[in-house]
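The structure under discussion appears below in the form of structure tokens.
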Amino acid sequence: MSADSGQTIAPGGTIGILGGGQLGRMTAMAAARLGYRCHIYCPDKDAPASVVAAATTVAPYDDLAALERFAQAVDVVTFEFENVPASAGEKLSAWKPTRPDPRVLHVTQQRLREKNFLSSINVPVTRYLEVAHKEALPQAVQALGRPCVLKSASFGYDGKGQVRIDPETDLDPVWRQMGGDLAILEAFVDFQREISVVIARGHDGAMALFVPVENQHRNHILDTTIAPARIAPEVAMKAEAIARRIAQELKLVGLLAVEMFVTRDGDVLVNELAPRPHNSGHWTIDACVTSQFEQFVRAVCGLPLGSPERHSDAVMKNLIGDDVRDWRHILAEPGAKLHLYGKAEVRPGRKMGHVTRLSARTS
Ligand code: AMP
């Protein structure tokens with residue numbers, strides 16, 4: 001049973017956010033500007049989001065008593081982190097409006113379910129096969145051909161849990177390197193570019209999309225987002241139509257990032273979904289009328305969606321690990337907008353902040 005009858009949570013209300021990272025932090029900052037309070041739920045003390053939120057519950061995601069107390073203290077529940085246990089989502093949605101519905105998380109937190117869902121609604125994805133155990137791998141590799149990519153079905157992000165299989169790769173150690181117990185094998189996409197679309201959908205079915213952007217990765221982690229993507233208008237239209245279709249079919253209430261490959265022939269294949277604000281949408285804070293974080297708050301609280309129009313072009317660069325030590329130079333650079341996440345410890349591969357550089361809108 002869902003506690004969501006579609007009501008509006010008016011400014012002054014409290015938004016409960018599961019997850020305490022930088023996405024929660026920037027959401028809480030956008031929520032505060034609209035007069036909301038945020039209550040963070042996460043297992044860590046002093047999380048980046050807690051520092052800017054009205055309250056935090058520090059507890060594991062499967063602590064049902066703590067989740068119930070949290071639900072009692074908030075008006076609506078949302079997520080900045082999608083890998084919360086399904087049982088937590090179900091419980092929360094019985095107590096308080098939970099947006100997006102935990103059903104959406106269920107689909108997107110497992111790669112096989114996600115790809116099966118996309119295929120079922122005729123959204124193009126690369127060819128893939130389920131691989132349930134190590135012994136099934138050689139046959140699957142034979143069927144898809146090399147190169148291909150073996151990914152753990154669950155809990156993968158930033159390239160974790162995936163191994164590329166090239167013509168010379170010995171299959172023996174690959175299963176262990178992937179580190180999961182259920183896997184998806186994907187045909188390798190020789191893409192021209194990687195792009196993403198961030199889309200918001202409200203309770204009334206209204207949708208608003210940010211322009212497709214181009215994403216460049218380094219060591220499997222997003223490094224740079226270029227807004228808008230350098231793609232033909234037909235490709236942009238295809239990407240936007242795909243994002244709308246997915247948001248509609250998921251009956252999404254909230255925000256969704258759709259990561260896609262653009263092939264050398266101009267086809268668009270969906271790689272991954274994230275039903276929350278996304279790193280490739282950070283540029284919207286500085287370059288759009290409404291940021292992805294404000295849009296997220298609007299969708300989750302049942303407010304009218306804001307204009308996603310961009311007033312400038314933008315290049316967003318992540319500050320990963322030691323990159324953050326450059327903050328002085330960045331601050332001295334005219335027009336560079338620095339965002340730091342307040343993480344005390346610098347670790348290799350850790351997202352510490354980002355910088356957005358704006359330029360005049362070209363198209
Ligand atoms: P993922 O964790 O699925 O987002 O993958 C991380 C990155 O690995 C992607 O952004 C791509 O750069 C690359 N990648 C993932 N899957 C494929 C694929 N099937 N073909 C080519 N590159 C891929």
Side-chain angles (χ1 to χ4, degrees), residues 21 23 81-83 105 107-119 123-131 137 140-167 169 171 174 177-180 182-198 212-227 229-231 235 239 242-243 246 256-282 316-318 320 349-351 354:
L23 301 176
F81 169 77
E82 63 263 47
N83 287 329
L105 267 65
V107 172
T108 59
Q109 67 188 190
Q110 211 252 28
R111 290 183 192 277
L112 273 163
R113 266 201 300 268
E114 183 171 280
K115 286 252 158 47
N116 289 339
F117 161 73
L118 292 167
S119 305
V123 165
V125 294
T126 190
R127 287 181 302 129
Y128 69 96
L129 288 171
E130 174 176 338
V131 189
L137 184 60
V141 171
Q142 181 129 48
L144 290 187
R146 300 180 187 222
C148 51
V149 187
L150 185 71
K151 300 180 179 180
S152 141
S154 304
F155 302 120
Y157 65 96
D158 288 349
K160 294 193 175 77
Q162 58 176 278
V163 188
R164 177 174 161 159
I165 299 172
D166 283 310
T169 304
L171 289 187
V174 162
Q177 285 164 19
M178 177 269 305
L182 178 65
I184 176 170
L185 186 71
E186 295 181 4
F188 186 79
V189 182
D190 181 23
F191 55 80
Q192 181 199 110
R193 292 179 203 290
E194 290 189 80
I195 62 168
S196 58
V197 172
V198 174
V213 297
E214 183 173 334
N215 299 317
Q216 297 173 345
H217 294 82
R218 200 165 31 129
N219 302 326
H220 291 285
I221 302 175
L222 181 66
D223 180 60
T224 303
T225 294
I226 300 169
R230 295 165 297 178
I231 51 177
V235 177
I242 286 173
I246 299 170
L256 175 77
V258 185
E259 293 185 54
M260 300 175 244
F261 299 122
V262 180
T263 68
R264 300 200 180 269
D265 303 328
D267 288 333
V268 176
L269 305 176
V270 172
N271 175 36
E272 218 174 23
L273 307 178
R276 52 164 171 77
H278 192 255
N279 197 166
S280 71
H282 291 0
M316 188 283 315
K317 169 108 179 58
N318 268 339
I320 295 168
R350 191 171 200 206
K351 291 175 180 168
H354 70 268

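Numbering of ligands and ligand atoms starts at 1, following listing order.
For ligand 1, the polar-atom distance check finds an N/O of Asn271 within less than 3.5 Å of one of the ligand's N/O atoms. Geometrically, ligand 1 and Val149 share no nitrogen or oxygen pair separated by less than 3.5 Å.
Counting the atoms of ligand 1 from 1 in the order shown, those under 4.0 Å from a heavy atom of Lys151 are 3 (O), 15 (C), 16 (N). The distance from ligand 1 to the heavy atoms of Val189 drops below 4.0 Å at these ligand atoms: 18 (C), 20 (N), 21 (C).
Not a single heavy atom of Arg164 lies less than 4.0 angstrom from ligand 1. Not a single heavy atom of Pro147 sits closer than 4.0 Å to an atom of ligand 1.
The side chain to side chain contact (heavy atoms under 4.5 Å, CB included) test with Glu186 is passed by exactly one of Asn271, Leu129, Val125: Asn271. Exactly one residue among His278, Lys115, Arg111 makes a side chain to side chain contact (heavy atoms under 4.5 Å, CB included) with Glu272. That residue is Arg111.
At a 4.0 Å heavy-atom cut-off, ligand 1 touches Ala187 through the backbone alone.
Within the model, atoms CG of Leu112 and OH of Tyr128 stand 7.0 Å from one another, a figure rounded to the nearest 0.5 Å. Taken from CD in Gln216 to NZ in Lys317, the straight-line distance is 10.0 Å, to the nearest 0.5 Å. To the nearest 0.5 Å, atom CG of residue Leu185 and atom OG1 of residue Thr126 are 9.5 Å apart.
Here atom 5 (O) of ligand 1 lies nearest to Gln162 when heavy atoms of Glu186, His217, Gln162, Glu194 are compared.
Note: His282 and His354 have tilted aromatic rings, judged against thresholds of 30 and 60 degrees for the angle between ring planes.
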